[in-house]
Amino acid sequence: MSGQGQVSFRNIVKMHGEFAALKGVNFEIKPGEFFALLGPSGSGKSTTLRILAGLDAPTAGRVLIDDKDVTSTDARDRDIAMVFQSYALYPHMTVAENIAFPLEMARLPKAEIASAVHEAARKVKIDHLLDRKPGQLSGGQQQRCALARAIVRKARLFLLDEPLSNLDAKLRLETRAELKKLQRSLGVTAVYVTHDQEEAMTLADRMAVFMSGEIQQIGTPAEVFARPNSIDIAGFIGNPPMNLVPARYVDGDVIIAGHRLKTTTTTAGERDVVVGFRPGALRMTEGGLGARVDLIEDLGDTAVLDLDCAGIMIRMRVSDGNIPGEGETISITTRPQDIHLFDPTTRMRL
Amino acid sequence: MATTVVTSAGIASEAPRSDFGRILAQRERRFAAALLAPAFLALLATTTFPLLFLVYTSAFRMDLAMPFTNGFVGFENYQVLLSDERFWTSLLVSLVYTGSTVALQVIIGLALALLVIDMKRGQGWFRVIAILPVVLSPAVVGMIWRTFMLAPEFGIVDFLAINAGLGSKNWLGDPTLAMVSVIAIHTWQWTPFAFMVLLASLASLPEDIYEAARLDRASAWQRFRRITLPLLRPAIVMVVIMRTMVALTAFAAIFTVTAGGPGTATEILNLYAYRKSFTELSIGYGAALAVALLIVTIIISGILFALRRAK
Ligand SMILES: Nc1ncnc2c1ncn2[C@@H]1O[C@H](COP(=O)(O)OP(=O)(O)O)[C@@H](O)[C@H]1O
Ligand SMILES: [Mg+2]
């Protein structure tokens, strides 16, 4: 490994004509970290990754790797390995040749290449497929081949652009766990692009949440989950995501559909807010907020209820056995510490 | 027990269906044969029959200048041919002409395609202009080159040579220069074909593998050698095969420019066969030469197709 794999993005802007794909992006990645770029489709994650890889040049700003400015360094000289969403395997080469390619370019001795190829293939469990061409592999096997090609060179940075998005659900879960183990065992810095918040939550040490060309929050998955910075993030993270309800704030309480709920805030005064509470933070109680059960999605061990509170739609997760029936009216509440307050105009956390 | 029943039932219901399929396939074959027949007969009449007649003719002495010597001679024409120095010279000229024109077409065509594929603007115009020589008749191309391009002093090429300080050259009178000229003419006319085929093939290559190769630290040359060239190989081989067949049997452009001259400097085998048959009026020997050309063409195409299958 020729470097630590420490990354820093300084005010990166990327314009496509008039359109700003990135509007000034800043973040730091520590060596050995599993860093996720999370955000909805079109929010600029791939653009960020491509700028980091050196495949595209930023319009403004600087990229530093291991404290060295690499903004104008060609992709060839950055010592970065990448797994493409499309896998980008060389179609005319066998799996072994694909994996060997980066080593051949580095002019390693033949014997060393052969053993490194076997080692990498074994790590991702495709050592029995070395003689196949990419066209003769399943999607999952192609993905592993791309992975092996990326890890064989022991680059200082390991980039993955939605590597699991072309796999079926079951394989995605399996590979996700393996990916995490692989990154740990290699000890390499990984930057992982995904639009799937669950993937980012389970894999990442820290993550940056992208919204329309900007990073809105950086933190550990737990931090982002516990204290989302904005309405957009709150509505993006969690499955199902946080309930976001317009309400009136009065002296430390919020009033939803005529019902007062305590918050942890004590500021006096009155204003409009957006109240957020997670579906899992709602409890059934006597004398709470009245709601009619519209729909029940039974997931086996838990159920998600769609509730109608005087015209406001609220989702609630129930995990104990006592699930109300559809059409029943129940009464719900939540604890003050589970209530998040957002400004409806700036959309930021209060 | 139950399984046995199910299996036999399955076979029973399968049998009539496959019978039905066979009848359908048979009908389809008959219909296809009916559609094919006219074209097949036309092909027989225009290619196979003349070919057989050519082979038949080559077994005769048929000299229009000396008709009293005509008659069946068996393989005598071929015996003469094997010790005919002019035949071997023309065969060599054919091979040089074919080898150099095909190589030049592929190399220049590929270089142009690589240049044009990266052009952001004007690609369409370039394609239209590039295709022009291909649509011209080779005879017209020959005339254009003999008059506009290679004519002493006034031709563009000679004009440029004079201005470059090389002096006026006898482009079609000097044996070596004449050969160079006919090769240049053929290359000029047919490189656009190779260019178009290779450009289309190049445009169909996925872009992401080049990005992957950059990250794998392949240089521009390595990307060309290890990725572009292998992926273009089928297209290149196809171009080589098609252009070789045409170059071996080229005629009109050379005929109009040099007519095989000066002397026999540009006399490819095809032209020799023509001259023997229709200038010297030895139809039988000319036919033998044409058959020899056919055999050479078959051997070379056989080698090329074998190469295509290899690896
Ligand atoms: N070459 C381009 N020209 C114009 N717009 C582009 C180009 N590449 C990306 N974009 C736009 O930039 C935005 C961010 O793209 P991208 O980074 O690929 O998003 P994602 O977060 O889904 O990976 C998108 O709106 C996309 O349409
Ligand atoms: Mg993307």
Side-chain angles (χ1 to χ4, degrees), chain A residues 2 46 49-57 73-94 97-108 113 133-135 142 145-162 166 191, chain B residues 106-107 109-111 113-115 117-124 194 197-241 304-311:
Chain A
S2 48
S46 295
L49 202 68
R50 292 175 57 85
I51 288 174
L52 176 53
L55 295 173
D56 287 332
T73 307
D74 188 74
R76 277 189 72 203
D77 306 316
R78 291 197 188 188
D79 191 18
I80 288 176
M82 179 159 166
V83 176
F84 290 73
Q85 185 170 3
S86 58
Y87 309 142
L89 297 173
Y90 309 122
H92 56 295
M93 299 184 196
T94 62
E97 287 165 342
N98 262 283
I99 303 173
F101 190 76
L103 300 178
E104 281 170 22
M105 295 302 106
R107 299 192 189 290
L108 245 64
I113 292 181
K133 294 263 177 78
Q142 288 183 20
C145 178
L147 213 54
R149 188 179 63 184
I151 62 174
V152 75
R153 185 158 56 86
K154 306 202 167 34
R156 60 177 165 182
L157 261 182
F158 188 34
L159 313 185
L160 304 106
D161 192 349
E162 314 226 6
N166 292 335
V191 186
Chain B
V106 169
I107 292 168
L110 181 58
L114 287 169
L115 276 179
I117 196 84
D118 285 332
M119 266 166 64
K120 297 269 180 292
R121 284 148 184 264
Q123 228 191 75
V197 172
L198 295 176
L199 184 66
S201 183
L202 210 51
S204 71
L205 300 185
E207 204 166 318
D208 56 359
I209 60 173
Y210 286 94
E211 295 182 335
R214 260 167 79 196
L215 288 168
D216 286 345
R217 297 166 148 187
S219 63
W221 169 248
Q222 284 166 326
R223 293 198 289 271
F224 174 72
R225 267 290 291 118
R226 298 291 307 272
I227 295 173
T228 308
L229 219 46
L231 290 178
L232 284 187
R233 189 173 175 272
I236 291 175
V237 172
M238 217 43 237
V239 168
V240 167
I241 290 175
L304 290 177
F305 274 101
L307 275 179
R308 190 167 87 115
R309 267 192 296 274
K311 199 187 158 199

Which of A:Arg76, A:Met82, A:Arg153 touches chain B most, by non-hydrogen pairs under 4.5 Å: A:Arg76

Test item: B:Val197 and B:Met238 side chains (from C-beta on) under 4.5 Å apart, heavy atoms: no

Close side-chain approach of A:Arg50 and B:Glu211, heavy atoms under 4.5 Å: yes

Atom group of A:Arg78 that falls short of 4.5 Å from chain B, counting heavy atoms: neither

Which atoms of A:Asp74 approach chain B - backbone, side chain, both or neither, heavy atom under 4.5 Å: side chain

A:Ala53 versus chain B, the contacting section by heavy-atom distance below 4.5 Å: both

B:Gln222, part contacting chain A, at a heavy-atom distance under 4.5 Å: side chain

Between B:Asp216 and A:Tyr90: side-chain donor-acceptor atoms closer than 3.5 Å: yes

Beyond-backbone contact of B:Leu232 with B:Leu202, side-chain heavy atoms, under 4.5 angstrom: yes

Which atoms of A:Glu104 approach chain B - backbone, side chain, both or neither, heavy atom under 4.5 Å: side chain

Distance in Å, B:Arg214 CZ paired with B:Ile209 CD1, rounded so as to fall on 0.5 Å steps: 13.5 Å

Max heavy-atom pair count under 4.5 Å with chain B, selected residue of A:Ala88, A:Ala146, A:Ser86, A:Pro91: A:Ala88

4.5 Å side-chain heavy-atom contact, A:Phe101 and A:Leu89: no

